[in-house]
Amino acid sequence: MNLSITTWNINSVRLRLPIVEDVLKTVAPDILCLQEIKCQNDEFPADALKALGYGNIIIHGQKGYHGVAIASRLPLTEDHRQDYCGVGDARHISAIFEWGGRRIRIHNFYVPAGGDEPDRTVNPKFGHKLDFIREMRELKAGAEPGVSAILVGDLNIAPLENDVWSHKQMLKIVSHTPVETEGLLDIMREGAWVDLMREHVPADQKLYTWWSYRAKDWAAADRGRRLDHIWSSEDLKANLRGIEILKEARGWEKPSDHVPVTARFSL
DNA sequence: ATGGTAGACGATCTA
């Protein structure tokens, strides 16, 4: 009995619906978690996804910015949207599904990018990001008795040295500053979350999920960052069979700057 | 050291 989950910052689901459909047909995950859908709930292309077998869709949309959604072949129950930092942004949605006799809550996050200046006294967006990840520390993998947990999304932080192309050159760049990387590792440690991508790819190997739109030649420069993540509660670690990062998606026509990341599990 | 691209929206804002 297999289970696969894909996370993808799509940077406008309406503009990129054709490549979403391609991924659903080829990667064919059981559950797709999207971030930056950039539309309101009633604008989400639910019918197109339902036509491909993803009949269970929950959305936390917002006009113009942010927004997250989960499209699933498996029924989703007990869905919840948390307003982190109480600012009304659509950056989180979660629900419970059943697999192999387990109940599993899946969380889909879009953490604030944080602006350019890594100093909250001059850049409120950075302060918002730090407040957001501080609030995420309350979220424990074992929060609900008898319920396993998976946390995915664009966390906008590359926590390890080999999650960026140059650790030294990135230390003062938002997404890899110590206050962010340590903050993310604190969430993992205190919440007993397992970094499934690093279970599968050792920490001494470079691993990226995002390449900037601003590079002249993203593939030649290969200055990527691992901003997208898949975590789980400890009990699911033994069921992990593989991680796939669809790097080729960055080279498609009109790509997102993030690529789909898929975790495959089996019993 | 700097500036570079992308999307939604329609004023720039967010990334």
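Here is the naming used below: chain letters follow the sequence lines, and residue numbers restart at 1 for every chain. As the structure is a computational prediction, the values presented were derived from the model and not from experiment. Values reported hereafter were calculated over all heavy atoms of this structure, with side chains retained and with hydrogens, waters and symmetry mates removed.
Gln35(A) and Asp154(A) share no donor-acceptor pair across their side chains, judged by distance under 3.5 Å alone.
When rounded to the nearest whole Å, the span between CG of Asp89(A) and C1' of dT14(B) equals 10 Å. Between Asn123(A) atom CG and dA15(B) atom C1' the separation is 12 Å, expressed in whole Å. For the pair Gln62(A) CD and dA15(B) C1', the interatomic distance rounds to 13 Å; values are reported in whole Å. Atom-to-atom, CG of Asn156(A) to C1' of dT14(B) comes out at 11 Å; the value is rounded to the nearest Å.
The aromatic rings of Phe109(A) and His92(A) lie tilted to each other, with the angle between the two planes from 30° to 60°.
Going from atom CZ of Phe132(A) over to atom CG of Leu130(A) covers 12.0 Å, rounded to the nearest 0.5 Å.
In this structure, His128(A) does not reach the dT14(B) phosphate: none of its side-chain N or O atoms is under 4.0 Å from OP1 or OP2.
For dG10(B) and dT14(B), the C1' atoms lie 15 Å apart once the distance is rounded to whole Å. Nucleotides dG4(B) and dA15(B) are separated by 14 Å at their C1' atoms, to the nearest Å. Nucleotides dG3(B) and dC9(B) are separated by 29 Å at their P atoms, to the nearest Å.
Ring centroids of His176(A) and His167(A) are separated by less than 6.0 Å, placing the two rings close together.
Among pairs with a residue in residues 187-196 of chain A, those fulfilling salt bridge (charged side-chain N to carboxylate O under 4.0 Å, His left out) read Arg137(A)-Glu190(A), Asp186(A)-Arg189(A), Asp195(A)-Arg226(A), at least two apart in sequence or across chains.
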Please encode protein proximity along nucleotides 3-12 of chain B as a string of B, S and -, counting only heavy-atom distances under 4.0 Å. -BBSBSS---

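Counting any heavy atom pair closer than 4.0 Å across all strands shown, Arg250(A) reaches no nucleic acid atom.
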Under 3.5 Å, which donor-acceptor pairs do the side chains of residues 40-53 of chain A form with other protein atoms, sequence neighbours left out?
from, atom 1, to, atom 2, distance (Å)
Asn41(A), OD1, Gly61(A), N, 2.7
Glu43(A), OE1, Gln40(A), N, 2.8

